[in-house]
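To keep things clear, I will list the structure first and then write my remarks on it.
The analysis underlying the following values was restricted to heavy atoms, covering all of them including side chains, and did not include hydrogens, waters or symmetry mates. In what follows, chains carry the letters A, B, and so on, assigned in the order in which the sequence lines appear, proteins first and then strands, with residues in each chain numbered from 1.
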Amino acid sequence: MNSVLRIEGLYKTYPGSSSPALANASMEVRAGEVVSIIGASGAGKTTLMRCINRMVEPDAGAVFIEGTEITQLRDSELRNARRRIGMVFQHFNLVNRLTVMQNVLHGRLGYMNSLDGVMGRYSEDDKLRALNLLRETGLEEYAYKRAGELSGGQKQRVGIVRAVMQKPAVMLCDEPIASLDPANSRVIMDLICELAKQGNIGCLVNLHQVEVAMEFSDRIIGMKKGYIVYDGTTSALTDQKLEYIYDKPMHLLTIRSEVAQDG
Amino acid sequence: MAKSNESSISTGRTPIAHPDDRRNVLVFALTVGILFTFATWYTGFNPFTSLLEMSEFGRFITQDFLPPRVTNMPGIMAAMMQTIYLALAASGTAMVLSLLWSFCGSTAVIRNKSILTLARSLASVIRNIPALIWTYILVFSFGIGTHAGYLALTLSSTGFLTRSFMETLDEVAAENLEALRATGASTPAVIAQAIIPAAMPGLVSWFLYSVELNIRTSTILGLVGAGGVGLLMMTYIKQFNYAEASFVIFVVAVATIVVNLLIDIIRKKVLA
C-alpha cells in the first residue's frame with residue numbers, strides 16, 4: 001500500500017525552551033492504516049501532529065502528504081494541502097451556537113471559493129452527503145440541533161464527520177477520547193477505525209491509554225522527550241519497551257490502564 | 001502528617017491558607033486608609049463637613065426641586081425621545097465601525113504585529129477620551145445640537161466597543177479558529193462561519209450595554225450642548241426653574257429604567 005503521510009527528520013523547538021519538542025522524527029502512515037502515538041505528557045505527541053498540518057511550523061524536516069512535500073508551501077497551496085488532512089480534537093472544537101449540519105459542512109469550506117464560504121452556500125451534494133454521514137453515525141435526529149446541546153460523545157462524532165467531509169487522505173486525531181467516558185471512548189475509537197478502513201484514510205491517533213492503543217491500532221509509535229523511540233506492531237510492544245517509553249515501572253502503567261478501563 | 005500536627009500545636013489552630021494571604025489583606029486595607037487620609041488632607045475635603053451640611057442640601061431638594069412642576073409635557077417627552085434616538089443611532093453606527101475595527105486588532109485575523117498594535121492603541125486612545133470632552137470639541141465645530149452629540153457618542157462608544165469586541169473575538173477564536181484553519185478554509189470564511197457565530201452572544205451583549213450607557217451619557221452630553229433632554233434640563237436650571245428641571249430628572253430616571261428592563265428582556269431572548 002502507498003503511504004499517504006510520510007515525515008522525514010522533523011524538528012521543532014519552541015521559543016524559550018532549551019530542549020526540543022520534536023527531534024529527528026521520521027515515520028509514515030499508509031492508506032487505511034490506524035497508527036497510535038503513545039508517550040508521557042510532554043513527549044511531543046501533539047507537536048508531531050500539529051507539525052504535520054503546519055498548525056505548528058516545524059523548524060526543519062519534510063512532510064509528504066500523498067507524495068507532495070508541504071513544509072515549503074505558501075498560503076493558498078497550504079490551504080489546498082490541508083483539505084486532504086482532517087483533524088479531530090480533544091475538545092471537539094465545534095462552533096456550539098451553530099447546528100450540527102453547519103458544523104459538519106465546515107469540512108467543505110476549503111473546497112469553496114471565499115464568497116460561497118462566507119455566505120455558507122454549500123452545494124446540494126455536500127449537504128446530502130453530510131446528512132448521509134450523520135445517518136451512518138446515528139446522529140440524523142440531531143442534524144438541526146445546536147452543537148452545544150449535544151453530549152461529549154455526540155460532539156466528538158460530529159467532529160469526526162466534519163473531518164471525513166473533507167474527503168481526507170490523512171486524519172489526525174489529537175487525544176480524541178481524553179474528554180470522554182469509557183463507553184463513548186469505545187464508540188469513538190470504533191468509528192475512527194471503521195471510517196479509516198471505509199474511506200481508505202491513513203489515521204494518526206494520539207492516545208493516553210496504552211490499552212486502547214493496543215486494541216485499536218494497526219501499529220504503534222512511542223514517543224519520549226521529542227524522539228520517536230518505538231515504531232512497530234502492537235504485538236512487538238513488550239512491557240519492557242513500554243517501561244522505557246513512559247520511564248515508569250510496569251505496575252504504575254497498569255494501574256493507569258485499569259483506571260482507564262473501569263472509568 | 002507529623003508536620004501538620006506540629007503546626008496545629010504551635011499555633012493552636014490548623015491553617016487553611018498561606019499566612020501571607022491574611023497579611024496581604026491587612027496591607028491592602030492599610031494602604032487604602034492611608035491614601036484616603038492623604039487625599040482628603042490634600043484636597044481640603046472633609047467628609048464630615050458634607051454630612052453636617054446635609055440639612056442645607058435637603059432644604060434645596062425639598063424647597064427648590066420639589067414638588068416637580070410640568071408645564072411643557074410634550075416638549076419634555078420629545079426631548080427625551082431625541083436623547084434615546086441619539087443613543088440608539090450612535091450605538092448602531094459604533095457597532096458597525098467597531099466590528100470592522102476589532103477584526104484589525106484581533107490576533108485571530110491579523111498576523112502583522114504593527115497593524116495589531118496600531119489598531120489596538122488607537123482604540124485605547126479614543127476610548128480614553130470621555131464623550132464629554134468629545135462633545136466640547138465637536139460643539140465648537142458643529143455648533144450646539146444633536147449633530148455634535150451624535151458624533152461624540154459614536155466616537156466614544158466606537159472606542160469602547162472596539163476594545164470589548166477585540167477581547168470577545170480573542171476569547172472565542174482559539175479553538176474554532178484552529179478547527180477551521182485545519183480544514184483549509186480561507187480567512188474570510190473562518191471569520192464568517194466560525195468567529196462571528198461563536199462571538200455573537202458577546203457582541204450582542206456589549207452592544208446592548210453600550211445602548212444603556214449611551215442613554216445615560218447622552219443625557220449628560222445634553223448639558224454641554226449636545227441636544228436632547230439634557231439640554232432642556234440645563235435650560236430650566238439656568239432659568240432657576242428647578243421644579244420643572246426636577247420633573248425632567250424624574251422622566252430621565254423612568255426612561256432609563258424602562259430601557260434597561262427592555263434590554264434585559266432582549267438579552268434573555270437573544271442570548272438564550
If I measure from the heavy atoms of chain B, does [X] come under 4.5 Å with its side chain, its backbone, both, or neither?
X        : answer
A:Ile85  : backbone
A:Asn96  : neither
A:Met119 : backbone
A:Arg108 : neither
A:Leu94  : backbone

Residue pair B:Ser210 / B:Ser157, side-chain donor-acceptor N/O under 3.5 Å: no
Most chain B-contacting option - heavy-atom pairs closer than 4.5 Å, from A:Arg50, A:Arg82, A:Arg54: A:Arg82
Qualifying residues under side chain to side chain donor-acceptor pair (under 3.5 Å), relative to A:Ser185, sequence neighbours excluded: none
B:Tyr85 atom OH, neighbour heavy-atom count above 12 within 6.0 Å: no
Within-4.5 Å side-chain heavy-atom neighbours: A:Val205 and A:Phe216: no
Pairwise side-chain contact, A:Met87 with A:Gln166, heavy-atom cut-off 4.5 Å (strictly under): no
